[in-house]
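Please read the structure below before turning to the comments.
Please read all numbers here as calculations on a predicted model, not as lab measurements. The chains referred to below are lettered A, B, ... by the order of the sequence lines, with proteins before strands, and numbering in each begins at 1.
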Amino acid sequence: MARPVVTRFAPSPTGMLHIGGVRTALFCWLFARKHGGRFILRIEDTDLDRSTDQNIEIIEQGMLWCGLDWDEGPVPGDPSAWRGPHGPYRQMLRMDSHYRPALARLLAEGGAYRCRCSRDLLDAARAEAEREGRIYQYPGTCREAGHDASQPFAIRLKMPRGEETWLEDGAIVLRDLIKGTLRFPAASLDDWILARTDGTPTYNFCVVVDDTSMEVSHVIRGDDHVANTPKQMALYHALGFEAPVFAHVPMILGKDGAKLSKRHGATSITEYRELGLLPSAVRLALARLSWTPKIDGRAVESAEEELLTDQEMIHLFDLEDCQKSPARFDMDKLNWMNQKLIQRAGWRELEPYLRPFVDRIAPGAWDERSEDWRDLAVRSTQKGKNLIEMAEALRFAFEGPSEFDPKAVEKFLTPALRPVLGEVVNLGDYSHDALERDFNAILERRGLKLKDLAQALRVALCGRPVSPPIFDTLALLGPEEVRARLARWL
RNA sequence: GGGGCUAUCGUCUAAGGGUUAGGACACCGCCCUUUCACGGCGGCAAUCGGGGUUCGAAUCCCCGUAGCCCUACCA
């Protein structure tokens, strides 16, 4: 029986938003969008020491920059507000409303029990088992003791012993959409803790309660949670809830195959923004890690097909086309995708992303320019690999050269060419066609090649022999500025 | 130690018994060119090891090896 599709991303606000988390969120988002379902953002803030409102905002902003909008969850920037019928969406706010009642019911129904074994006792037993090379499992000392609440206690779940009818050959069977059918022998699982002695519930308990009450139909998460799943399945069973469908996505590794960490470069989503990447490129690159889009059953076969739009990704996305094995993060490919997406974007589309980078070079200057100017500025720098390169390529338009590359001056600004600059000063029509016509006339008269004049102009105007196409360079500066900059060479 | 997962070019991957093992990124070379780029064309490059099953294995089975996850009163 098909439930409406609901997915969720549940990060801990313990710092930055990790790129691996973004990828998981992206899969959840794609899946929900594809099936016309809802996507929930839930904050797992039970780690009180590290969770802060500021970190929550970092997550929200990272998600929004990346284009991953959620249908239910916190309202960005307002720690106490939320949107959606299943709130609150922060675990700390769900203690009394959700966790305690579920715990009480479990205790009353016998699915869980109070355990008085002290932490010291447990630690000692574990240490001893380890010393003897044995595996340690909680022996179930208090399982049938029927302890009351008169003394301190933790709460443990009664895990199946092997004979239960919902097991298959004594194993909990997980049919994972990505990993396939996985079997976990009940004997390998012990009675785990649902709530600590101080009454706070543990992670594995909260996820189940939250996913159930939020009507999550598909749990899509990192495969570091695979081994937790049978424990959670037992809890679903004890609670009498139908378990959601699970899909565990493989991890993202660094270039060297080790877990992606700081020494591999950027790990936080905000760093990718700082690198001058388009969110659409980040989405595409992340999605293509572990996922091979199939068009009519065929994997994408060319560069053209690889460059999917969001709509295409949503249309094509299928968890069955995901890899089981981990993938290494490939910055080269991300850069390539970024370049391609920059190339094919319209200037209005690019402008909001480019503006902040231009602002760093010339604060406020961008918005003072006309639409035509901004259009040309974007188009003439669209060959850049990223927004930083694009903005940098426009620097000449906002500030005159602070110095002139001596070698370039010697090579291109030859005595023979300087007089020609004087002719350029006389030109008044900077439209492309006019410039081309007038330049051709000058070149013919002087017996020069465009290359000679173009390079001389670049050096004279920008201080170095590199700039956008020469006619664009002139148009971006305008006749007045060109005359001013050329004056010293005449 | 126990439980679970994984293994094709440098990277992301395609091919579930028969292919010269295909594509993309990166790299290298050539061409184009108004600088830098873009672009076009071409090249290099892989089935972890060992046993089976089979006429035939990257594909199926077993055994190794390596890596990762879980094994907390962390999440």
All N/O pairs under 3.5 Å across the protein-nucleotides 22-24 of chain B interface:
from  : atom 1 : to     : atom 2 : distance (Å)
B/G23 : O2'    : A/E301 : O      : 2.3
B/A24 : O4'    : A/E306 : OE2    : 3.3
B/A24 : O2'    : A/E306 : OE2    : 2.9
B/A24 : O2'    : A/K333 : NZ     : 3.2
B/A24 : N3     : A/K333 : NZ     : 3.2

Could I get a table of every N or O pair under 3.5 Å where one atom is in the protein and the other is in nucleotides 30-33 of chain B?
none

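- Nucleotides B/C60 and B/A66 are separated by 23 Å at their P atoms, to the nearest Å.
- With both ends at atom P, the span from B/A58 to B/A15 equals 16 Å, rounded to whole Å.
- A salt bridge is defined here as a Lys NZ or Arg NE, NH1 or NH2 lying under 4.0 Å from an Asp or Glu carboxylate O, and A/R298 with A/E305 fails to meet this definition.
- Here, B/A26 and B/C41 have their P atoms 15 Å apart, quoted to the whole Å.
- Taking the side chain of A/R126 as heavy atoms from C-beta on, and the options B/C36, B/A14, B/A72, the nearest nucleotide is B/A72.
- In this structure, A/S467 does not reach the B/U35 phosphate: none of its side-chain N or O atoms is under 4.0 Å from OP1 or OP2.
- If you take atom P in B/A14 and the same atom in B/G23, they sit 15 Å apart, rounded to whole Å.
- Across B/C69 and B/C63, the matching P atoms stand 24 Å from one another, rounded to whole Å.
- In this entry B/A15 has no Watson-Crick or G-U wobble partner, no candidate having both defining distances under 3.5 Å.
- If you measure from atom CD1 of A/I135 to atom C1' of B/G2, you get 5 Å, rounded to the nearest angstrom.
- Of the listed nucleotides (B/A75, B/A37, B/C69), B/A37 has the atom at the smallest distance from the side chain of A/K385.
- Set against B/C73, B/U13, B/C38, the side chain of A/Q343 has B/C38 as its closest nucleotide.
- Side-chain proximity of A/N228 to B/C69, B/C36, B/A75: nearest is B/A75.
- Across all strands shown, the partner of B/C28 is B/G42, judged by Watson-Crick or G-U wobble contacts whose two distances both fall under 3.5 Å.
- Only the P atoms considered, B/A46 is 26 Å distant from B/U6, to the nearest whole Å.
- Between the side chain of A/T202 and the base of B/C73 there is no donor-acceptor pair of N/O atoms closer than 3.5 Å.
- At a threshold of 4.0 angstrom between heavy atoms, the contacts of A/T200 with the nucleic acid are absent.
- Of the candidates B/A7, B/G4, B/C5, B/A7 carries the atom nearest the A/S325 side chain, counting heavy atoms from C-beta on.
- Comparing A/L289 and A/V226, the nucleotide of RNA chain B nearest to each residue sits closer to the 5' end for A/V226.
- For the C1' atoms, the distance from B/A7 to B/C12 is 15 Å, rounded to whole Å.
- Of the candidates B/U13, B/U6, B/A37, B/U13 carries the atom nearest the A/Q323 side chain, counting heavy atoms from C-beta on.
- Glycosidic conformation of B/C38 is syn; the angle stays within 90° of 0.
- The nearest heavy atom of RNA chain B to A/S118 and to A/R183 marks one nucleotide each, and the one closer to the 5' end goes with A/R183.
- By the salt bridge (charged side-chain N to carboxylate O under 4.0 Å, His left out) test, A/D375 is found to be paired with A/R379, residues two or more places apart in sequence or in another chain being considered.
- Nearest nucleotide to the A/F184 side chain, out of B/U34, B/G4, B/U6: B/G4.
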